[in-house]
Amino acid sequence: MKRRLSLSLCLLALCACAACSPYWYKKPDRFLVQNSRLNWAQIFYQASESAPRVRCDLRDNGLITILEGKSVTVGDDFNIEYDKPDFGDVRKYYYQMEPEFFRQTLQLLVDTGLMEEEEIEEGDPVYPKVLVRGNINHHVFQKFTVDPDLIAEIRSQLFQFKMSGQLR
């Protein structure tokens, strides 16, 4: 009897632990972005194989750094392939925006579907390549996207940050 009771308690505890597991937790798809210095996003964008790469870092309530060019260092600061002919092809732009405008920018991305899960199919186009990662309201994310609405919003945001017309 005692053995049966302890076995039942162990099984109950195991089920309770499994129900609390982070693997069962689903991030909210859409939520209200709060002003926080901990919010950040990083966008990697390349329109086509021959187009320049673009990396946009949105950090610290409105500090924006944009790297643009064909250099591998646009996507990877620590890349050491310095023997490539386009290694030095990188331009940096710095912008500052008001914290409320920064929050609204992140809110637009969330509302467009940034946090929604996507399944990349084998037939999906390779370009434009879009990777977005970051931390918004303590929701950490990293995803490649082929969602046309999200890509259009990202392109709009990049143009808004005074891109030099290199995006196609």
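Residue numbers start at 1 and run along the sequence shown.
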Might you point out which heavy atoms bring [X] and [Y] nearest each other, and give the distance in Å?
X      : Y      : value
Leu32  : Asn137 : O-ND2, 2.8 Å
Leu106 : Ala41  : CD2-CB, 4.0 Å
Trp40  : Arg133 : CZ3-O, 3.8 Å
Leu38  : His138 : CD1-CE1, 3.7 Å
Ile64  : Cys56  : CG2-SG, 3.9 Å

Kindly compute the distance separating [atom1] ([X]) from [atom2] ([Y]), expressed to the nearest 0.5 Å.
X      : Y      : atom1 : atom2 : answer
Arg91  : Ser71  : CZ    : OG    : 10.0 Å
Asp111 : Gln104 : CG    : CD    : 11.0 Å
Glu117 : Lys143 : CD    : NZ    : 8.5 Å
Gln107 : Leu114 : CD    : CG    : 11.0 Å
Lys70  : Ser50  : NZ    : OG    : 5.5 Å
Phe102 : Leu63  : CZ    : CG    : 9.0 Å

Evaluate the side-chain proximity of [Y] to [X]: yes if any heavy-atom separation is below 4.5 Å, no if none is.
X      : Y      : value
Leu109 : Val132 : no
Met115 : Ile136 : yes
Arg53  : Val72  : yes

[X]: partners by side chain to side chain contact (heavy atoms under 4.5 Å, CB included), with sequence neighbours left out:
X      : answer
Tyr127 : Gln46, Glu49, Lys129
Thr112 : Asp149, Leu150, Glu153
Asp57  : Gln42, Arg55, Arg59, Thr65
Glu119 : Glu121

With clusters built from Ile, Leu, Val, Met, Phe, Trp and Tyr whose side-chain heavy atoms come within less than 4.5 Å, directly or transitively, what are the remaining members of the cluster of Phe144, listed by chain and number?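 Phe144 shares its hydrophobic cluster with Phe44, Leu131.
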Can you list the residues that meet the side chain to side chain donor-acceptor pair (under 3.5 Å) rule with Thr145, with sequence neighbours excluded?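 Counting only residues at least two positions away or on another chain, Thr145 forms a side chain to side chain donor-acceptor pair (under 3.5 Å) with Glu118.
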